[in-house]
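Accompanying notes for the structure given below.
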Amino acid sequence: MTTKTWRSVAQLQNAGLVPAAEAAALERVAARYAVAITPAMADLIDRDDPNDPIARQFIPDPAELDAQPPERADPIGDDAFSPVEGIVHRHPDRVLLKLVHTCPVYCRFCFRREMVGPGRRSGLTGEKRKAAFQYIRRHPEIWEVILTGGDPLVLPASRLGAVVRTLAAIDHVRIIRFHTRVPAVAPDRITTEMVAALTAPGKTTYVALHANHPRELSPAARAACARIVDAGIPMLSQSVLLRGVNDDVETLSALMRAFVECRVKPYYLHHADLAPGTSHLRTSIETGQELMRQLRDRVSGLCQPAYMLDIPGGAGKVPIGPIYVSKMRGRGNQEYEVRSINGGSYDYPPRK
Ligand code: SF4
């Protein structure tokens, strides 16, 4: 069993996770984008599978050196909507609060890969943190604060608890949401103290778990989710549609079922963002829509996430289908045409 997080190409090579012939190219990747894989994830990798879906998410690939023209450093336009450091205020009723720019693992497809990791942006401390809280206090329209980053659950429970108490003291903040990979990639961090730190009396906490392959919902990860949900904290899922990881209906079905079994409601399946050097991991939107159609045919309504695109530049997220009500037709173009999951075409009358 692996006991420590690997953070260098040399460590990955020693562990037999990268071939010697690729080491030089991978050193160039690692100099550009942060590398880390936790023991929980390393232990899931099948060393005999050159296309292992866990390795593909965390082990650097020479293809990352090939940035394509539409890709950009800040794909979803965080900086354009940042009124003070650490806050992204894109929609009136909610803000992102980015406390840290570090993560327990570094995902090869990360949309914030130019911001996270050692030597990148620093954490929000001291006066900067006070200014971020002050911004939230001064904007009564902010109903929800989404703690993201980086991964906020890398912080010690005591520091997270202090953040939650500060937010909870702001009357108009009703919802505190954490976006994290920790319950899957470092389940031992979900201690009683950590779970207690996430909540405050009179406020509602949600935890959104990011996982992309059913194997990530290991027995330890399932137990970590249970500790959170048993404390009365609802959980949601977030996944990224990734070529060679989960772009087939069997894997997606197993992933969504695993979430539901863990009492984690499938929420978003993200189309992969235009992060630099990630084109080898992206699918087409048509592929995603077809997978969503197949998913709806195969698995319970409980297992259906929304398929989302974050519009490049910062215009926000939108669901991108598939769309089942496609147009008006029939006499005088008055009927709706509705497509069934199996491709059948049906009319639905307009309201008289
Ligand atoms: S955990 Fe999130 S922020 Fe961190 S590298 Fe992965 S996708 Fe990026």
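Counting starts at 1 for both ligands and their atoms, in listed order. Note that the coordinates shown come from a computational prediction; the quantities given were computed from them, not determined experimentally.
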Handout entry: Among Val164, Ile228, Ile233, side-chain contact (heavy atoms from CB on, under 4.5 Å) partner for Phe178
Key = Val164

Handout entry: Connected via hydrophobic side-chain network under 4.5 Å: Val84 and Val100
Key = yes

Handout entry: Distance filter under 4.0 Å to Cys103 heavy atoms, resulting ligand 1 atoms
Key = 1 (S), 3 (S), 4 (Fe), 5 (S)

Completion exercise
heavy-atom search around atom 2 (Fe) of ligand 1 in the protein gives His210 ND1, 4.3 Å

Practice task
Examine the proximity of ligand 1 to Cys107 and report which part, side chain or backbone, both or neither, has a heavy atom under 4.0 Å away.
Solution key: both

Problem - Main-chain N/O of Tyr267 paired with Ser237 side-chain donor or acceptor, under 3.5 Å - result: yes

Handout entry: Salt bridge Asp273-Arg72, side-chain N to carboxylate O under 4.0 Å
Key = no

Handout entry: Closest protein heavy atom to atom 8 (Fe) of ligand 1, given as residue, atom name and distance to 0.1 Å
Key = Cys110 SG, 2.3 Å

Completion exercise
Quick note on ligand 1: atoms under 4.0 Å from a heavy atom of Arg181 include exactly 1 (S)

Exercise for the section: For residues His270 and Tyr307, establish whether the separation of their ring centroids is below 6.0 Å. Expected result: no

